[in-house]
Participant: 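Sharing a structure, written as structure tokens. Questions coming.
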Amino acid sequence: MDKIIESIGSFFGGSDQIPWCDRDVIAGCEREVADASNGDSEERKSESIMRLSWALVHSRQPEDVQRGIAMLETSLGNNTSPLHQREKLYLLAVGYYRSSDYSKCRMLLDQCLEIAPDWRQALSLKKTVEDRIAKDGIIGIGITTAAVGLIAGGLAAAFARRG
């Protein structure tokens with residue numbers, strides 16, 4: 001019985017393997033970006049911004065995630081290196097996953113996998129996203145079925161009273 005309850009809980013709760021980031025780490029990254037802006041090389045600034053973007057999209061705070069998405073979208077065209085492009089696309093996908101925009105997340109993961117087809121992180125997140133989309137579809141079907149059942153039951157009761 002416990003296993004059934006646990007599996008139902010994990011179905012509705014959903015557990016992904018994406019790490020979370022707390023406010024202290026974000027604050028440290030923000031300080032690092034500010035420090036790097038004071039005369040450091042462009043490469044160091046870029047690395048600091050990437051770390052901050054990583055921290056933001058892994059935050060539990062929706063406003064942090066949105067800020068990380070905005071930073072990544074702004075910087076997406078700035079680098080021609082496929083490795084940096086792949087990293088930014090993946091972090092954007094994480095941000096959209098955290099924002100529950102699963103179709104945009106899946107599209108970005110497909111772009112990542114065009115650059116690096118065997119990248120385990122992207123493959124793992126893509127499976128998580130597809131599982132989540134399927135789960136949301138099943139839940140939606142269940143809610144719709146229940147609503148239709150309630151309406152049909154109400155109509156049947158109304159007709160029974162008339163007749």
Side-chain angles (χ1 to χ4, degrees), residues 2-34 46-152:
D2 289 338
K3 288 190 181 214
I4 292 171
I5 292 171
E6 183 180 315
S7 68
I8 290 171
S10 70
F11 178 83
F12 286 107
S15 57
D16 57 56
Q17 302 300 317
I18 302 170
W20 293 101
C21 190
D22 63 25
R23 289 293 313 152
D24 293 340
V25 173
I26 293 170
C29 290
E30 287 170 333
R31 281 190 301 276
E32 184 183 336
V33 168
S46 178
E47 289 171 3
S48 298
I49 290 170
M50 278 300 289
R51 280 191 285 281
L52 176 57
S53 299
W54 183 97
L56 289 168
V57 298
H58 287 86
S59 173
R60 293 183 187 272
Q61 304 302 316
E63 59 275 6
D64 289 341
V65 174
Q66 291 305 313
R67 199 170 124 218
I69 289 171
M71 286 176 66
L72 287 161
E73 285 179 340
T74 300
S75 72
L76 201 53
N78 294 349
N79 201 311
T80 56
S81 159
L83 180 62
H84 285 103
Q85 192 78 354
R86 176 191 83 163
E87 295 290 329
K88 289 176 185 180
L89 289 168
Y90 177 78
L91 289 177
L92 263 173
V94 170
Y96 281 111
Y97 177 78
R98 293 282 194 225
S99 300
S100 301
D101 188 343
Y102 304 124
S103 61
K104 182 100 175 184
C105 176
R106 186 171 42 183
M107 179 196 70
L108 290 163
L109 290 168
D110 287 340
Q111 290 178 24
C112 283
L113 293 168
E114 284 176 18
I115 297 168
D118 297 331
W119 192 20
R120 277 195 229 136
Q121 257 183 304
L123 290 168
S124 175
L125 181 55
K126 187 171 180 180
K127 181 178 180 347
T128 300
V129 169
E130 288 172 350
D131 291 349
R132 182 59 143 227
I133 290 170
K135 184 187 306 182
D136 287 354
I138 290 169
I139 291 170
I141 290 169
I143 291 170
T144 302
T145 302
V148 168
L150 287 171
I151 292 168

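This one's a predicted model, so the numbers in the text were calculated from it and none came from an experiment.
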Participant: Which distance, rounded to the nearest 0.5 Å, do you find between the CE of M71 and the CZ of R67?
Facilitator: 6.5 Å
Participant: Could you report the tightest heavy-atom contact between L113 and A122, atom names first, then the distance?
Facilitator: CD2-CB, 3.7 Å
Participant: Pick out which of H58, R23, R98 makes a side chain to side chain donor-acceptor pair (under 3.5 Å) with D64.
Facilitator: R23
Participant: Is I18 close to T128 at the side-chain level, that is, under 4.5 Å between some pair of heavy atoms?
Facilitator: no
Participant: Using every non-hydrogen atom in the two residues, find where S75 and K88 come nearest and quote the distance to one decimal.
Facilitator: O-NZ, 2.8 Å
Participant: Please name all residues satisfying ring-ring contact (aromatic ring centres under 6.0 Å, His included) with Y102, sequence neighbours left out, ordered by chain then number.
Facilitator: Y97
Participant: If every non-hydrogen atom of P117 is compared with every non-hydrogen atom of L123, which pair is closest and at what distance?
Facilitator: O-CD1, 3.9 Å
Participant: At what distance, to the nearest 0.5 angstrom, does CG of D101 lie from CE of M107?
Facilitator: 8.5 Å
Participant: May I have the list of side-chain donor-acceptor pairs in residues 47-54 shorter than 3.5 Å, sequence neighbours left out?
Facilitator:
from: S48; atom 1: OG; to: E32; atom 2: OE2; distance (Å): 3.2
from: S48; atom 1: OG; to: R44; atom 2: O; distance (Å): 2.9
from: R51; atom 1: NE; to: E32; atom 2: OE1; distance (Å): 3.3
from: R51; atom 1: NE; to: E32; atom 2: OE2; distance (Å): 2.8
from: R51; atom 1: NH2; to: E32; atom 2: OE2; distance (Å): 2.3
from: S53; atom 1: OG; to: I49; atom 2: O; distance (Å): 2.9

Participant: Given L72, which of L108, L92, V94, L56 fulfils the side chain to side chain contact (heavy atoms under 4.5 Å, CB included) condition?
Facilitator: L92
Participant: As a quick check of understanding, evaluate side-chain contact (heavy atoms from CB on, under 4.5 Å) for L83 and R86, giving each step before the final call.
Facilitator: CA-CA 5 Å; L83 180 62; R86 176 191 83 163; 3.3 Å; yes
Participant: How far does CD1 of I115 sit from OH of Y90, to the nearest 0.5 angstrom?
Facilitator: 14.0 Å
Participant: Between the side chains of D110 and R106, is the shortest nitrogen-to-carboxylate-oxygen separation below 4.0 Å, so that they form an ion pair?
Facilitator: no
Participant: Nearest 0.5 Å, please: how far is CG in L76 from CD in Q111?
Facilitator: 8.0 Å
Participant: For residues V129 and K126, determine if any side-chain heavy atom of one lies less than 4.5 Å from a side-chain heavy atom of the other.
Facilitator: no
Participant: Identify the heavy atoms of C112 and L89 that sit nearest to each other, and give their distance.
Facilitator: SG-CB, 3.5 Å
Participant: Do you know which two heavy atoms are closest between S99 and V65, and how far apart they sit?
Facilitator: OG-CG1, 3.6 Å
Participant: Shortest non-hydrogen contact from I26 to C21?
Facilitator: CG1-SG, 4.2 Å
Participant: Does D131 reach the main-chain N or O of A134 with its side chain, forming a donor-acceptor pair under 3.5 Å?
Facilitator: no
